[in-house]
2 protein chains.
Amino acid sequence: MKLNTKSRYAVMALADMSKFPINNPVSLRDISLRQSISLLYLEQIFLKLKKNDIVKSVRGTNGGYVLKRDPKNIKLSEIFQALDQKVKTVGCKKDSKKGCNGKSAKCITHELWDELEIYINNFFENKKLSDLSLTKGDI
Amino acid sequence: MKLNTKSRYAVMALADMSKFPINNPVSLRDISLRQSISLLYLEQIFLKLKKNDIVKSVRGTNGGYVLKRDPKNIKLSEIFQALDQKVKTVGCKKDSKKGCNGKSAKCITHELWDELEIYINNFFENKKLSDLSLTKGDI
DNA sequence: TGAATACTTGACTATTTTAGTCGGGTATAT
DNA sequence: ATATACCCGACTAAAATAGTCAAGTATTCA
């Protein structure tokens, strides 16, 4: 059970951004340097964050990305969702007719995994970007 | 963030076993058939469960595996540990001097991941094998 | 005693996922 | 104009995962 770098980097980058005055575009190049994340990888990540309405982009010289909302209103769950980073505990679909439906022999433990999924999602649901960015002084 | 099949199967198999009278050896072959898990894969899994004192083996005809303790006293966290299935949220070591130490630029979000790890482990720590095996009627 | 059952163990392999790169764009400020 | 910085799909290397194989050993029962 491992967190992937994409969502981890996304949170790091957004936390980094949230240290700067809002509406002040932060370039991926700068984030890349400060957080030691490959620029090209960051581009991939921010594309998704943009599509999911978490950031908006400002093109051209002195451009960059800007948080679309106040860090207080950005839940970590949104960030994870943006990167298709679901908490997947089981292979079988929840409501599929054949195979596992939570009652069959195969998935005696299905309920448990569902419960775990909800439990973990709950963690992210209750954390805001502001919860992390404001606690530390330096970047 | 995905659970691997090894630990999932381990829990399924143990839940299956715990339906039968204790001290009654359950063969992997039977578990394999009931739960549709490859026998050879189960063997691999049970070797680890045995090494970690969760089950004991009975060789020979009518042999199989037996739970070493009452399902009420087997925490899911033990099962996961037995399969080296740690909840890993970050790559960097917790106390390494160079690189990330929770305060450096790189790991602005380190505390968050630690918190998540503890949170998830807590789930498994508070679940017993008996919590799942007894709730369902059939196997 | 020997055949069948069932555990034991390490090594091996195919598949999938992950992490990250590459190349060729487009928009905008100065 | 030109440098900066976002845009986007396709690609690839490496690692992890899932599962198999081969060659055992121990025990029971006929």
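Chain letters run A, B, ... following the sequence lines, proteins first, then strands; residues in each count from 1.
Contacts of residues 59-68 of chain A with DNA chain D (heavy atom under 4.0 Å): A:Arg59, A:Gly60, A:Thr61, A:Asn62, A:Gly63, A:Gly64, A:Tyr65.
Applying the salt bridge (charged side-chain N to carboxylate O under 4.0 Å, His left out) rule to pairs touching residues 118-127 of chain A yields A:Lys75-A:Glu125, A:Lys127-B:Glu115, sequence neighbours excluded.
To the nearest 0.5 Å, atoms CZ (B:Arg34) and CG (B:Asp16) are separated by 4.0 Å. Of the inter-residue distances, the one linking A:Ile31 atom CD1 with A:Met17 atom CE reads 5.5 Å to the nearest 0.5 angstrom. With rounding to the nearest 0.5 angstrom, the CD atom of B:Glu117 is 11.0 Å from the CE atom of A:Met1.
Atom CG in B:Asp30 sits about 7 Å away from atom P in C:dA6, given to the nearest Å. Atoms CZ (A:Phe46) and P (C:dG20) sit 16 Å apart, rounded to a whole Å. Between the CG atom of A:Leu28 and the C1' atom of C:dG20 there is a distance of 15 Å, rounded to whole Å. If you take CZ of B:Arg29 and C1' of C:dT5, they are 9 Å apart, rounded to a whole angstrom. In this structure, B:Lys56 atom NZ and C:dA6 atom P are separated by 19 Å, rounded to whole Å.
Nearest to the side-chain atoms of B:Lys50 among the listed nucleotides D:dC7, C:dC7, C:dT8 stands C:dT8.
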Polar-atom pairs under 3.5 Å, protein N or O versus N or O of nucleotides 17-21 of chain D: list them with distances, or write none.
| unit_1 | atom_1 | unit_2 | atom_2 | d |
| --- | --- | --- | --- | --- |
| D:dA18 | OP1 | B:Thr5 | N | 2.9 |
| D:dA18 | OP1 | B:Thr5 | OG1 | 3.3 |
| D:dA18 | OP2 | B:Thr5 | N | 3.1 |
| D:dA18 | OP2 | B:Thr5 | OG1 | 3.1 |
| D:dA18 | O5' | B:Thr5 | OG1 | 3.1 |
| D:dG19 | OP2 | B:Tyr9 | OH | 3.4 |
| D:dT20 | OP2 | B:Ser38 | OG | 2.5 |
| D:dT20 | O4 | B:Gln44 | NE2 | 2.6 |

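When the side chain to side chain donor-acceptor pair (under 3.5 Å) test is applied to A:Arg59, no partner is found at least two apart in sequence or on another chain. Scored by the side-chain contact (heavy atoms from CB on, under 4.5 Å) test, B:Val66 finds B:Asn23, B:Pro25, B:Lys56, B:Val58 as partners (sequence neighbours excluded).
By the 4.5 Å heavy-atom criterion applied to side chains, B:Leu67 and B:Ser18 are counted as neighbours.
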Report, one line per pair, each donor and acceptor closer than 3.5 Å where one atom sits in a side chain of residues 38-49 of chain A; sequence neighbours left out.
| unit_1 | atom_1 | unit_2 | atom_2 | d |
| --- | --- | --- | --- | --- |
| A:Ser38 | OG | A:Leu40 | N | 3.3 |
| A:Ser38 | OG | A:Tyr41 | N | 3.1 |
| A:Tyr41 | OH | A:Thr5 | OG1 | 3.1 |
| A:Gln44 | OE1 | A:Lys6 | NZ | 2.9 |
| A:Lys48 | NZ | A:Asp84 | OD2 | 2.8 |

